Amino acid sequence: MRRRGFIFTFDAMLSLLLITIFVSSIVVMSSNNQVYSTYIRNQNKYVAEDTLTTLRTASLKDLVPQNVIEEWENNGTLDLELVNEGMSPLDIVSTYWATEPLYPSKNLRHKAEIILGYLLNRTLKDYNYELLINNYTSPYLRKVGGNYSQAPDVSPATLVLSGYAYNQTPRGYMARAYLTKLGSKENTYTIRGGYIYARTDNSNQEVIIKYIVPPGDIPSDAQIEEIDWFLEPAWVGSQYEVYLNGQLIWSGYVDNNHPLTDSDPSGGLQLIENFLPGQQNVFEVHVYRSGYDGGEDGAQYIKIRYRTSVPSTLKFPRRFYFEDVTATYPINVWKFLIIPGLLRSLNIQVSVGNVSSTEPITLRFVFDTEVSVSPTSCSYDNAHQIKTCYWSNTTISNTLSSNGYSYTQISGKWTTIKVSAGGNWYHNPRIHLIKENSFIEADYAVGVLLTPYSIDITEPITAYTASNCDASGFPGFCRNIEWTFNVPSGAIPLWVKFQSPWLHSVERNPSQRLRIDNPLISPTYLYCHNGDGYSGCSPSNPFTHFAQFGYATYSFDYAYNPLPNAIATGTNTIGVYLGPGYWLQPQNGHGELTYVIQAYAGYGDVFPKLIRPGCNGYNITYYWIGDANPHYITAGESPYCDVTAGDLLANKTTYAVDDAIIRLFNNLGGNGTSSEPLLIELPANVNIDFASMGNIPGLFEPIQITLRVWRES
């Protein structure tokens, strides 16, 4: 029984499919246009809301270059008698708006327009926009040439600024707090390999695959805590040699799969010792099975657990590179692609060395059927025998559309793209899939605005239950698996990704269902194959191998209906249910959740007192989730008063600074007490700054800010 690959069986249903495909295509395209419009509207709304949040909470000095601030101070745009660069832009604008009648000669409204116009133009350069302050707008507050009346989808966001009274002298105190440094966070970096294989008649024809960590993907200050390297061959019973940066790490025979784990920085497998944080790192496998295929089957991964003081290590990749592969026979690669948002365009390039100009390079998308896409163009470097083929967005989208598919069906969750390269004969020198020139270039909307205070965290998902573990001769392979994970309060979830060893009896076409559940949605199927007889699940999705799957917070269900809360705060459940003939091995799999926390808290309510008497700052005792020990951090300036997170919590209704720090702690995932620890560790030196505003009114008429964001095309 061959474990890798699968065979599609066609029966009488094919006739019905051919009869209905034309009508279905029309319905799908119409439905996808509606889905796209809904998604764009939601994404634009998220951008508008995040932009207002940033303008409300981040200080002006963190958003505007210092030379511009100095120019504004010199010409009076930044009136230092009323405001300063430590205030947020909307706090500055609201102060100008509230006090304009008191200082008519200062022309404060125009100064507010200049500041906001500069920031909106920089922040929303890819969008059309219009901002209104109490229904007032001007050319400074609109994108030049933008007209929201001509836009199909306009997404407004509104923010009410309390604490300001029009034409009144202020009274009272407000405060905001923000993190300027990070002590450390624990994070995970994962390399997920595709299904990569080529014919290997003997040990001299081994397939060589390089998994490369680009420079800077892991910070240079990273302390590597553990490296897990999971091997799973394309065929059972393969021979391996594995290297890290040219150093042999391990060699041997692998039957089903083999984990390599190193958590000892001065011993063990020498993975940690040979890894170079901040630099390029090359993990390399040599694998063959004589008379069969060499390679790996899509369940392989490399997981690097590390600790760093760098707050933001998150990247929204726009290029998804293929692995670097060499072989003596044609190379086949299945790229498992998880798009973390609404896909707008795709461009693909594949470059192959040591081939002739006539040897084929093919590209296919896997849906209910495989859709082949012909290259837009191919070129050949005769001097180096390199053939490069390119697929433009127009070529890809038109081909998918003509086959009844669209980008909606690969937005917010996983898809498979297959590439084959080379003629079906022995190659000497070895055929080479060149990583740096072979990639999928994707443009997509994620709906998340990263700020100078964004901290990203990727953590493992390990809790699961399993049943129907009936794969004879293959222990631990099960047909029903449910994973659970928790999204902490204050976190903005982005996506989850899973990977598992898989087993398939090729003569069977088993049912496959993936269902999710969380506090904001009812149980919903993201995937259904052969799902007849199950409520809310129809057999509309293709067969897949489930070696890798994942989805974003804004995703789509199995019928491609929008699902905006696929991940939510609280307990989330993911269930994979498989029919006879297909199994996964969860104990050797890997799941992970990626989310963002914002390390700031903007101005809150008005309080009678700013800070405790005799204090200019606090020496705070708090707890974080990494251990059970008390930790200490200072905020503000000396003289410091000793307080605990519990003290701040108890007095946050009295002191503006206490309230601001607790709200900052809430954004970091807890309140700093032992019962609700923070998600990250804070440094021991002074790193929480707070900015206060005195004489803020206790009774006030709020100022309303509305931001409209749209695209006209």
Side-chain angles (χ1 to χ4, degrees), residues 44-100 103-148 151 154-161 164 176 178 180 312 448-454 598 600 602-603 691 693 703-712:
N44 289 348
K45 183 175 180 62
Y46 294 151
V47 169
E49 290 173 346
D50 286 346
T51 300
L52 285 186
T53 299
T54 300
L55 295 177
R56 177 72 171 98
T57 53
S59 64
L60 187 71
K61 65 182 179 182
D62 291 324
L63 300 174
V64 176
Q66 189 60 38
N67 64 311
V68 175
I69 289 178
E70 291 174 358
E71 178 183 346
W72 286 349
E73 290 176 348
N74 292 333
N75 64 25
T77 299
L78 197 65
D79 191 324
L80 298 181
E81 293 182 1
L82 298 172
V83 297
N84 60 70
E85 65 179 23
M87 296 170 62
S88 74
L90 289 188
D91 288 325
I92 293 172
V93 169
S94 298
T95 301
Y96 282 174
W97 225 256
T99 56
E100 180 192 22
Y103 308 101
S105 64
K106 289 180 177 287
N107 199 13
L108 295 178
R109 177 171 295 193
H110 182 60
K111 292 176 181 178
E113 291 175 329
I114 292 174
I115 294 172
L116 278 182
Y118 177 88
L119 286 164
L120 291 171
N121 187 56
R122 284 169 57 93
T123 304
L124 297 171
K125 60 183 179 181
D126 295 329
Y127 293 84
N128 292 295
Y129 59 83
E130 182 178 62
L131 187 138
L132 298 91
I133 307 174
N134 284 347
N135 294 321
Y136 170 85
T137 188
S138 76
Y140 285 91
L141 306 179
R142 290 194 295 266
K143 181 70 171 287
V144 175
N147 185 348
Y148 76 89
V154 179
S155 302
T158 299
L159 183 66
V160 176
L161 296 171
Y164 300 92
R176 66 186 179 94
Y178 49 94
T180 57
S312 182
V448 175
L449 184 66
L450 300 181
T451 75
Y453 306 110
S454 300
Q598 302 292 8
Y600 60 73
Y603 287 109
M693 295 180 67
I703 293 174
Q704 179 172 291
I705 309 290
T706 300
L707 177 62
R708 297 168 173 153
V709 173
W710 73 95
R711 295 176 183 269
E712 293 184 0

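Note that the structure is a prediction, hence the values are computed from the model and not measured. Heads up: numbering here begins at 1 and tracks the sequence.
- Note that NE2 of His110 and OH of Tyr140 are 3.5 Å apart. Values are rounded to the nearest 0.5 Å.
- Nearest heavy-atom pair across Val709 and Tyr127 is CG1-CD2, 3.4 Å.
- A donor-acceptor pair under 3.5 Å is absent between the side-chain atoms of Tyr600 and the main chain of Ser59, judged by distance alone.
- Note that OG1 of Thr95 and CG of Leu108 are 10.0 Å apart. Values are rounded to the nearest 0.5 Å.
- Leu78 approaches Glu85 most closely through the heavy-atom pair CD2-N, 4.1 Å.
- Screening residues 62-76 for salt bridge (Lys or Arg N to Asp or Glu O under 4.0 Å) gives no qualifying pairs among residues at least two apart or on separate chains.
- Residue pairs satisfying the ring-ring contact (aromatic ring centres under 6.0 Å, His included) criterion with at least one member in residues 52-72, sequence neighbours excluded, are listed as follows: Trp72-Tyr118.
- Taking OG1 of Thr137 as the reference point, atom CG of Leu132 lies at 5.0 Å (rounded to 0.5 Å).
- Defined by atom type and a distance below 3.5 Å, a donor-acceptor pair is missing between the side-chain atoms of Asp50 and Thr53.
- Here the closest non-hydrogen pair linking Ser312 and Ser454 is CB-O, 3.6 Å.
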Exercise for the section: Go through the steps to decide whether Trp710 and Glu130 satisfy the test side chain to side chain contact (heavy atoms under 4.5 Å, CB included), and finish with yes or no. Expected result: CA-CA 9 Å; Trp710 73 95; Glu130 182 178 62; 4.2 Å; yes
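- Across every non-hydrogen atom of Trp97 and Ala112, the tightest pair is CZ3-CB, 4.1 Å.
- To the nearest 0.5 Å, the span separating CG on Asn135 from OG1 on Thr706 amounts to 7.0 Å.
- Closest of all the heavy-atom pairs between Gly117 and Leu141 is N-CD2, 4.3 Å.
- Checked by atom type and distance alone, the side chain of Lys143 never pairs as donor or acceptor with a backbone atom of Asn121 at under 3.5 Å.
- Identified under the ring-ring contact (aromatic ring centres under 6.0 Å, His included) test for residues 50-71, with sequence neighbours left out: none.
- For the pair Arg109 and Tyr136, the cation sits on the ring face: its NZ or CZ lies under 6.0 Å from the ring centre, inside 45° of the axis.
- Atoms CG and CZ, from Leu131 and Arg708 in turn, are 10.0 Å apart once rounded to the nearest 0.5 Å.
- Separation of atoms CD (Glu113) and CG (Leu120) is listed at 11.5 Å; rounding is to 0.5 Å.
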